[in-house]
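Only one structure is covered here, and it is reproduced in the block below.
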Amino acid sequence: MKPISRRGALTMGGLGLVGTAVGGTGLWRELTSSTLDPSGGESFTEPKALRSRDGRLQARLEAGLGTHEVAGRQARTMGYNGGVPGPTLWLRPGDTVQLDLVNRLDEVTNLHVHGLHVSPEGRGDNVFLAVEPGQTQKYEYRLPDDHPPGTYWYHPHHHGNVADQVFGGLYGAIIVEDPEEDLDVDRERVLVVSDLTLDAGGSLVTPSIQEQMMGRQGELVLVNGQSEPRLRAHVGERERWRVVNACTSRYLVLEMSGQEPRVVGRDVGRLAEDTALGDVLLAPGNRLDMVVDPAAGSGRLVARPVDRGGMMGGMMMDGDGPGPGQDEPHTLAHLEVGPGDAVSRDIPRRRPRDLRGEEVARQRTLTFQMGMGGMMGGGGGGPMSFTIDGREFDADRTDQQVRLGTVEEWTIGNDSPLDHPFHLHVWPMQLIEADGQQVSEPLWLDVVNVPARGRIKVRVAFEDFGGRTVYHCHILDHEDRGMMGTVRAD
Ligand code: C2O
Ligand code: CU
Ligand code: CU
């Protein structure tokens with residue numbers, strides 16, 4: 001099967017359906033296939049839901065290393081509150097969220113609420129905090145009353161061990177519900193997609209330095225920590241599936257055979273108009289929100305391999321198997337649809353804010369670069385440097401000074417042969433231009449893929465929250481190696 005091109009996936013249309021050939025995925029599949037139902041694995045489960053009440057959610061998140069149920073077996077991984085993924089936080093705009101992060105790992109960690117539009121200062125979404133083993137850190141976030149609804153997530157963000165800890169099992173979903181909900185659904189589901197590699201004894205496998213340079217990809221691609229779970233639905237019962245790409249580096253383009261799901265949201269808020277599932281690229285950190293009106297029969301949710309470039313003609317990959325684009329498709333889940341009376345329901349259009357009519361106070365250009373022989377600042381060594389504008393991350397340096405209350409236009413370039421997903425904390429980005437083309441409808445994201453040798457343009461309204469935070473490549477191995485910068489708005 002020919003891998004789809006990242007350019008094709010980034011632009012809005014034009015992806016034909018490819019067959020759903022599914023190859024074996026190695027040892028683990030062979031070991032378990034005899035014990036599993038041929039139509040798929042265990043029945044689908046979701047992480048525990050923690051819901052805010054009367055404008056408040058108070059919860060404790062314990063990050064620990066232990067035995068967790070992963071891919072249907074007992075595995076030694078990290079997890080929050082004893083599970084992979086951690087609990088799902090259900091919030092509403094205007095909520096106050098108080099989280100106690102308890103560090104039961106044997107290494108430093110912290111907590112980031114990815115995509116939430118909250119203060120990055122103090123005990124807020126402050127990624128400069130370090131929570132030592134045995135310590136508890138109190139976090140408090142106040143969501144503005146007009147916080148965009150959507151699917152967000154949380155994960156550790158201590159520079160230098162983000163990739164290891166996310167790959168290790170530390171992530172969970174956050175849902176911000178829509179006070180003006182106009183989608184009439186019968187069932188909501190949260191699907192946190194992640195990947196990891198386990199050895200025969202059920203322990204995490206640490207990827208080689210070469211794999212880390214490319215961005216590690218786990219052999220197992222899981223949904224809520226499960227391998228190919230089975231979901232049951234009924235004709236006439238509309239479902240809403242929220243999907244988080246919590247993979248450390250893996251890009252996902254999803255397809256569902258036998259069904260025609262419509263994507264109604266990506267990262268931040270609702271889309272102006274729904275789109276086909278296969279047209280959406282989920283870079284690491286991206287989310288999507290889709291409506292499934294089940295059609296009789298069955299369906300299979302599949303992640304197609306995505307070509308995200310290569311290094312020096314594959315030289316870096318020697319001895320490490322195929323590059324990401326040559327990977328096999330992965331089956332994520334199976335859907336069995338029971339009978340029912342079909343009802344046709346439409347999907348209302350929305351009018352997201354459009355910054356194209358607003359005054360731009362300043363334009364900037366930031367460029368992802370990879371070079372030979374970097375100083376490898378917290379990354380643990382290797383032949384390549386990973387920088388933005390030629391500089392590795394320095395927590396004490398402010399790279400971009402922005403005036404609070406202004407709209408800026410940022411062009412993000414990529415001088416390297418690999419794709420890099422650009423992520424900005426706190427302030428969402430409106431995608432203006434990708435692949436030299438203007439984006440027609442307002443589209444709000446917090447992670448935007450920047451294709452190899454390509455560039456994208458976004459606009460950002462630096463409003464509501466002043467303070468200092470970061471932007472970075474969301475291939476977490478690259479972030480840990482220095483592909484991150486700081487921005488201050490005041
Ligand atoms: Cu999802 Cu700075 O991260
Ligand atoms: Cu983030
Ligand atoms: Cu990168």
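One-based numbering, in listed order, for ligands and for the atoms of each. Hydrogens, waters and symmetry mates play no part in the numbers below; they use all other heavy atoms, side chains included.
Counting heavy atoms from C-beta outward, T411 and I456 have side chains that stay 4.5 Å or more apart.
Ionic pairing of D399 and R364 is not present here: no N-O contact between side-chain nitrogen and carboxylate oxygen is shorter than 4.0 angstrom.
Put simply, H423 gets within reach of the Cu ion (ligand 2), with an N, O or S atom under 2.8 Å from it. Checking H474 against atom 1 (Cu) of ligand 1, an N/O/S atom falls under the 2.8 Å cut-off. Residue contact annotation: H155 places an N/O/S atom under 2.8 Å from atom 1 (Cu) of ligand 1. Distances from atom 2 (Cu) of ligand 1 show that H423 has no N/O/S atom below 2.8 Å. Inclusion of H112 in the first shell of the Cu ion (ligand 2) is supported: an N, O or S atom falls under 2.8 Å.
Ring-plane geometry between W410 and F462 is classed as tilted, the angle between the planes lying from 30 to 60 degrees on a 0 to 90 degree scale.
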I'd like to know whether T331 forms a side-chain contact (heavy atoms from CB on, under 4.5 Å) with L301, so could you lay out the CA-CA distance, the side-chain angles of the two residues, the decisive distance to 0.1 Å, and finally the verdict. CA-CA 6 Å; T331 298; L301 185 67; over 6 Å; no
Could you go step by step and tell me if L191 and V244 meet the side-chain contact (heavy atoms from CB on, under 4.5 Å) rule? CA-CA 6 Å; L191 290 83; V244 178; over 6 Å; no
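When atom 1 (Cu) of ligand 1 is compared with the N/O/S atoms of H114, atom ND1 turns out nearest.
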